[in-house]
Amino acid sequence: MRGCDLVKIKIGTLVAGPEIRTRGMVIQQKTGTPVQFELMADARASLLAWLGRRGGTVDDFAFPSRVDHANHISTRQYARLVDEWVSAIGLRPEEYGTHSLRRTKAQCGHVPVQFGHWGKW
């Protein structure tokens with residue numbers, strides 16, 4: 001999943017009632033085609049904790065902007081956060097970015113929420 005699609009995920013894409021879905025689907029901005037993604041158990045637990053703290057409705061963005069809570073975070077802000085997360089675990093930010101994480105499934109919500117950084121703007 002591309003970062004531009006990740007930042008636009010709505011809470012309703014992630015939840016089914018009180019639980020986090022095991023799979024979700026988004027329409028890719030670049031291609032206009034649907035893409036399915038999987039949320040592993042650790043990612044689901046982290047997202048459940050994040051959404052419990054974040055609050056909101058199924059129509060709200062899962063990752064709100066720090067400036068306008070009705071909007072989603074920017075792809076630039078997402079890239080900055082990825083740099084912080086990579087540095088926090090002792091890796092070199094210039095070697096890892098949103099594109100390399102896309103290939104490893106780390107974007108499924110586990111890394112950012114696991115480190116508790118969504119709320120640190």
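Along the sequence shown, residues carry numbers from 1.
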Next item on the list: Calculate, to the nearest 0.5 Å, the distance between atoms CG and CD1 belonging to Asp59 and Ile11 respectively.
Entry: 9.0 Å
Next item on the list: Taking all non-hydrogen atoms of both residues into account, name the closest pair between Arg21 and Thr13 and its distance.
Entry: CD-O, 3.2 Å
Notebook entry, point to check: Please walk me through it: do Gln29 and Arg2 pass side chain to side chain donor-acceptor pair (under 3.5 Å)?
Noted result: CA-CA 9 Å; Gln29 177 180 308; Arg2 291 177 178 86; over 6 Å; no
Check: Nearest 0.5 Å, what's the CZ-CG distance between Arg44 and Leu14?
Finding: 12.0 Å
Check: Phe37 and Leu39: side chain to side chain contact (heavy atoms under 4.5 Å, CB included), yes or no, with the steps?
Finding: CA-CA 7 Å; Phe37 60 91; Leu39 292 165; 3.9 Å; yes
Notebook entry, point to check: In Å and rounded to the nearest 0.5 Å, what is the NZ to CE distance from Lys8 to Met1?
Noted result: 12.5 Å
Note to self: Is there a continuous path of hydrophobic side-chain contacts, each under 4.5 Å between heavy atoms, that joins Val35 to Val7?
What the structure shows: yes
Checklist line | Smallest separation among heavy atoms of Arg54 and Ala62, with atom names | finding: NE-O, 3.5 Å
Notebook entry, point to check: Val26, Leu47: one ILVMFWY side-chain cluster at the under-4.5 Å cut-off?
Noted result: yes
Check: Would you say Leu6 and Val58 are hydrophobically clustered, going by side-chain heavy atoms of ILVMFWY under 4.5 Å?
Finding: yes
Margin query: Rounded to the nearest 0.5 Å, what separates atom CG in Leu48 from atom CZ in Arg53?
Written below: 12.5 Å
Next item on the list: Identify the two heavy atoms, one from Pro34 and one from Met25, that lie closest to each other, and give their separation to 0.1 Å.
Entry: CB-SD, 3.6 Å
Item checked: Inter-residue atom distance Asp68.CG - Ser74.OG, 0.5 Å rounding -> 12.0 Å
Margin query: With a 6.0 Å cut-off (strictly less than), is the heavy-atom count around CD of Glu94, excluding the residue itself, greater than 12?
Written below: yes
Margin query: Rounded to the nearest 0.5 Å, what separates atom CD1 in Ile20 from atom CG in Leu51?
Written below: 5.0 Å
Next item on the list: Hey, can you tell me if Trp50 and Phe63 have their rings parallel, tilted or perpendicular (30° and 60° cut-offs)?
Entry: parallel
Check: Hey, any chance Tyr78 and Leu91 share a hydrophobic cluster, counting ILVMFWY side chains that come within less than 4.5 Å of each other, even indirectly?
Finding: yes
